[in-house]
Amino acid sequence: MNDTFHSEEVTLNITDEEESLEWIEINYTGPEEYNHTFTFEEDDDLWENGYFSHDRDVLGESSGSYNISVFANETNEEDEEIVYTGYIEDVVIDSTVPSRDRSPRGAIDHDEPEVEITFEDTISGLENATLEVLGENETTEENLDGSQEETLTIDYSDESLDTGTYDVEWSVYDFSGNKREGDWTFTVSTDYEGDTNPDFDPSPGLFTEEEWEDDYSEYLVLILEETGDEVTDKEVTCYDGSGDEIDSDSNSIDGDTEFDCRVRMSEYGDSNVDIYAEICNEAGYCEETSTESYTFDGSPPTVIGLDTVSGHYVFNDNFDVEFEAFDDTAGVDQVEYYFEPGDEGEGYEVEYESGTIEFEADTSDLDMGENTLYVRAQDILGQWSTAEVLDFEYYPDEGPEVEIETDKNITTEAGSSENLDLTVENTGMFFIEDLEVEGYLEDIFEQTETVQDLDNGSSVSFTWTVDTEDGDLGEHSIEVSSDSPPYSTEVPLIVDANEEQMSEIDQQFSTQQNNLEQLRQNITDLEQDGLSDERSEEVETSITAFEQRVNDAEQAIEEGKYYEADEHLSGISSDFSEAETSYQEVRSDHVSAQRTRMIGIGLFLLVLTVSGAAAFFAYNEDYDFNFDSMVDSDLEMTSLGGIESRIKAVFKNEEEAEEFAWNGFRD
């Protein structure tokens, strides 16, 4: 046998012309640890006319060197067993075609390639090979003379190729008769060709999760139009605005061709996403599309922070509510509130603005008792948020109540200050947002205090300062009040005298006390001078008010209440003046009466000297003259001395009376 064989040509023949062999054993040892033993006996069907033939299929699967050992057995006439051993070494089986490595393949970015192919056969060696670029009349064929490796080349460095696709064919033989042939293509591309402005489907805009996943199955489709310039397939890669790759797809352009980019809402939900694509041909030339903006709104708006502005939850009228609503992707379109489940879409609209939103809840249609306020928001895609709830109580027939506690009274000196402590308590069931408390005392004190956010059962304390002047001496009352809810109370204010005023009051009292004592003495003197009871009562009455003021002032001073003494002494000069005037009038009337009596007595004595006249008057029945009626009844008429004494009493000035009397009598 030859040393090297084609796998299809290998046949192992063993001859037993005498047909004496009883059995034969063949051992094969080959490449890749191949080992095999084949045994047959003389009656085996493989024997035919004393020949044994064995084809290649028994050998190993791999080409290479094999070692074949043959053992045979026969028995001679002497019944002796004879074993025959034969060797066939280094049998080479070449069942493989030569290998090859070719270039360029696919698309290349230049037009002066070296088209080449490399063949290799390490078993039987290469015999010959051909290489041809179809359509370019470029062919090379070489006798390889058993070389184990050889490269065939067609060089276009001096003759550039046009843009387009080229077919290459080749063939090769090894010395075992194995033949291999084939072809490949390559494409020359020196620039990007084709559509650079694909359509995006869906078009840019706003999408909910349901719209995106149900209608578009999470795919963004780019549609490239066929331009007729395409020489290679295209690959489309989608990117987001951050430059991160989203997805890619490759396809050959055949008419309007779709490329898919998977865009998942789970990755981009609730955000605005800028998307663009890069389109590349197989030669590596790329073009970038324009950027399109998509908004993926994966959730409805959010409403948070729903609460009353006051933080109170019992009301008898409309009340203020605050909350926040936002949707960072599509944006909030409208907000509504309502009071009963199922009233969605039929509630009250709230004007939307970013940040904290406040509105007045309309309670006009509510029932008394416990109620619930619902607030929800809708984005511009029509997605409604889950409603936020606020529980509260509503009592339209009730009202707020308040009490104001103050000091029972305050005392200060004139020209000094004193604090007035107040405590305002919300005694009702409603929250009081603003309460204005006023304190007022005409010409002395006026103050207001605004109490805010007064919850039921809570209280607020504060202090006012009451400033007084010297002229504020006395007892006053400060009115403390509020309007809504109404409340009023009074605080007594005593402004006592300071040291300077006490000295002045003492001095004034002393003066008026002296005036009273002098006036009282003068009255006593008149009474001793025969003042009539009627006039005595008159003068006593006239000084009563003045005397009472002096006595009251004296008592107040003794009790240390100078502010009362000042009040009693205020205007006392007028009372004294009236009492003094009344006394002078009584005295004047008394003196005048006394003079009248003296004149009557003088006339009477004159009549006595004129006896005729006296007789006339005494006995004439036409005249009834009662002289006693002209003088006091207690006048002693029995002597001239009595008459003289009585006349003197009429005059306060004794000397004048005496002069009047005696001169009268002399005349």
Side-chain angles (χ1 to χ4, degrees), residues 402-427 432 434-452 454 458-516 545-578:
V402 68
E403 288 186 1
I404 305 175
E405 294 185 2
T406 67
D407 295 328
K408 293 183 178 180
N409 58 70
I410 56 175
T411 302
T412 186
E413 290 185 357
S416 299
S417 300
E418 186 60 46
N419 290 335
L420 172 60
D421 295 325
L422 304 94
T423 298
V424 180
E425 181 180 4
N426 184 350
T427 56
I432 299 177
D434 292 293
L435 177 69
E436 187 174 272
V437 181
E438 182 181 28
Y440 179 75
L441 176 58
E442 185 176 5
D443 297 332
I444 295 179
F445 177 75
E446 185 174 2
Q447 182 70 51
T448 59
E449 181 78 19
T450 300
V451 177
Q452 294 181 320
L454 194 62
S458 64
S459 61
V460 175
S461 298
F462 52 91
T463 299
W464 285 335
T465 299
V466 181
D467 299 318
T468 64
E469 299 179 357
D470 290 347
D472 298 333
L473 191 67
E475 189 172 13
H476 311 277
S477 182
I478 299 175
E479 183 180 357
V480 178
S481 63
S482 64
D483 288 335
S484 180
Y487 188 86
S488 180
T489 187
E490 292 186 351
V491 181
L493 168 65
I494 297 175
V495 182
D496 212 344
N498 54 37
E499 292 185 3
E500 182 178 353
Q501 288 175 323
M502 291 171 63
S503 177
E504 292 176 355
I505 292 171
D506 285 337
Q507 184 177 357
Q508 186 180 9
F509 169 72
S510 178
T511 299
Q512 298 302 332
Q513 189 179 45
N514 290 337
N515 288 339
L516 177 62
F546 173 62
E547 186 176 34
Q548 184 63 48
R549 278 177 174 266
V550 174
N551 292 337
D552 289 344
E554 182 179 19
Q555 182 178 354
I557 290 174
E558 289 176 354
E559 293 176 356
K561 300 178 179 179
Y562 275 81
Y563 67 93
E564 290 187 2
D566 180 71
E567 183 178 352
H568 295 315
L569 294 175
S570 177
I572 197 172
S573 296
S574 176
D575 289 344
F576 170 67
S577 178
E578 291 178 4

Chemist: Inspect the surroundings of CD in E438 and state if more than 12 heavy atoms from other residues, nucleotides or ligands are less than 6.0 Å away.
Modeler: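 Counting neighbours around CD of E438, more than 12 heavy atoms of other residues, nucleotides or ligands fall under 6.0 Å, so yes.
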Chemist: Of the non-hydrogen atoms in S481 and I404, which two are nearest, and what is the gap between them?
Modeler: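 Looking at all heavy atoms of both residues, the closest pair is C-CD1, 4.4 Å.
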Chemist: Looking only at heavy atoms, which two atoms of H476 and L441 are closest? And how far apart?
Modeler: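 Looking at all heavy atoms of both residues, the closest pair is CB-CD2, 3.6 Å.
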Chemist: Not counting sequence neighbours, which residues clear ring-ring contact (aromatic ring centres under 6.0 Å, His included) with F576? List them please.
Modeler: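 ring-ring contact (aromatic ring centres under 6.0 Å, His included) check on F576 returns F546.
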Chemist: Is R549 reaching over with its side chain to a backbone N or O of S573, donor-acceptor style, under 3.5 angstrom?
Modeler: no
Chemist: Assess, by modelled atom type and distance only, whether the side chains of E547 and N551 contain a donor and an acceptor separated by less than 3.5 Å.
Modeler: no
Chemist: Nearest 0.5 Å, what's the CG-CD distance between L569 and E554?
Modeler: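 L569 CG to E554 CD: 11.0 Å, rounded to 0.5 Å.
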Chemist: For a quick test of reading the model, state the closest non-hydrogen atom pair linking Y487 to V402 and the distance between them.
Modeler: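 What the structure gives for the nearest pair is CD1-O, 3.2 Å.
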Chemist: Check step by step if side chain to side chain contact (heavy atoms under 4.5 Å, CB included) holds for I432 and V451.
Modeler: CA-CA 9 Å; I432 299 177; V451 177; over 6 Å; no
Chemist: Measure across A565 and A553 and return the closest heavy-atom pair with its distance rounded to 0.1 Å.
Modeler: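 Distance-wise, the nearest heavy atoms are CB-O, 3.8 Å.
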Chemist: Only one of N409, L493, D407 passes side-chain contact (heavy atoms from CB on, under 4.5 Å) with L420; say which it is.
Modeler: D407
Chemist: Which heavy atom in I505 sits nearest to a heavy atom in A497, and how many Å separate them?
Modeler: CD1-CB, 4.1 Å
Chemist: Any side-chain heavy-atom pair from V495 and Y563 closer than 4.5 angstrom?
Modeler: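 No, every pair of side-chain atoms sits at 4.5 Å or beyond.
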Chemist: How close do T423 and S459 get, counting heavy atoms only, and between which atoms?
Modeler: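 Answer, listing the atom of T423 first, then S459: CG2-CB, 4.0 Å.
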Chemist: Atom CD of residue position E500 - does it have more than 12 heavy atoms of other residues, nucleotides or ligands inside 6.0 Å?
Modeler: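 No, because the 6.0 Å sphere around CD of E500 holds 12 heavy atoms or fewer from other groups.
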Chemist: Give a yes or no answer on whether the side chain of N514 reaches the backbone of S510 with a donor-acceptor pair at less than 3.5 Å.
Modeler: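 Yes; judged by distance alone, with no hydrogens or angles, the pair exists.
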Chemist: Just jot down the side chain to side chain contact (heavy atoms under 4.5 Å, CB included) partners of T511, sequence neighbours excluded, or say none.
Modeler: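 With neighbours one apart ignored, the set is N515.
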Chemist: Could you tell me the separation between the NE2 atom of H568 and the CG atom of D552, rounded to the nearest 0.5 Å?
Modeler: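 Reported value, rounded in 0.5 Å steps: 4.5 Å.
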Chemist: Could you tell me whether the side chain of I572 reaches within less than 4.5 Å of the side chain of Q508, counting heavy atoms only?
Modeler: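 With C-beta onward as the side chain, the pair touches.
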Chemist: Heavy-atom count around Q507 CD within 6.0 Å, excluding the residue itself: above 12?
Modeler: no
Chemist: Quick one: OG1 on T463 to CG on D421, what's the gap to the nearest 0.5 Å?
Modeler: 4.0 Å
Chemist: Taking the side chain as C-beta and beyond, is there a heavy-atom pair between L435 and P485 under 4.5 Å?
Modeler: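 Touching, per the 4.5 Å side-chain cut-off.
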Chemist: Verify the neighbour count for atom CD of E499: are there more than 12 heavy atoms of other residues, nucleotides or ligands below 6.0 Å?
Modeler: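 It does not: E499 CD has 12 such atoms or fewer within range.
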Chemist: Using a 6.0 Å cut-off, check whether atom CD of E567 has over 12 heavy atoms from anything other than its own residue.
Modeler: no
Chemist: Is it the case that the side chains of E490 and S477 hold a donor-acceptor pair, with the cut-off being a distance below 3.5 Å and no angle test?
Modeler: yes
Chemist: Please evaluate residues I478 and Y440 with respect to the criterion side chain to side chain contact (heavy atoms under 4.5 Å, CB included), reporting the C-alpha separation (whole Å), side-chain torsions for both, the decisive distance (0.1 Å), and the verdict.
Modeler: CA-CA 6 Å; I478 299 175; Y440 179 75; over 6 Å; no
Chemist: With a 3.5 Å cut-off and sequence neighbours excluded, list the donor-acceptor pairs that the side chains of residues 464-474 form with protein atoms.
Modeler:
residue: T465; atom: OG1; partner: N419; partner atom: OD1; Å: 3.3
residue: D467; atom: OD1; partner: S417; partner atom: OG; Å: 2.4
residue: T468; atom: OG1; partner: E413; partner atom: O; Å: 3.2
residue: T468; atom: OG1; partner: G415; partner atom: N; Å: 3.2
residue: T468; atom: OG1; partner: S416; partner atom: N; Å: 3.2
residue: T468; atom: OG1; partner: S416; partner atom: O; Å: 2.6
residue: D470; atom: OD1; partner: N498; partner atom: ND2; Å: 3.4
residue: D472; atom: OD2; partner: E469; partner atom: N; Å: 2.7

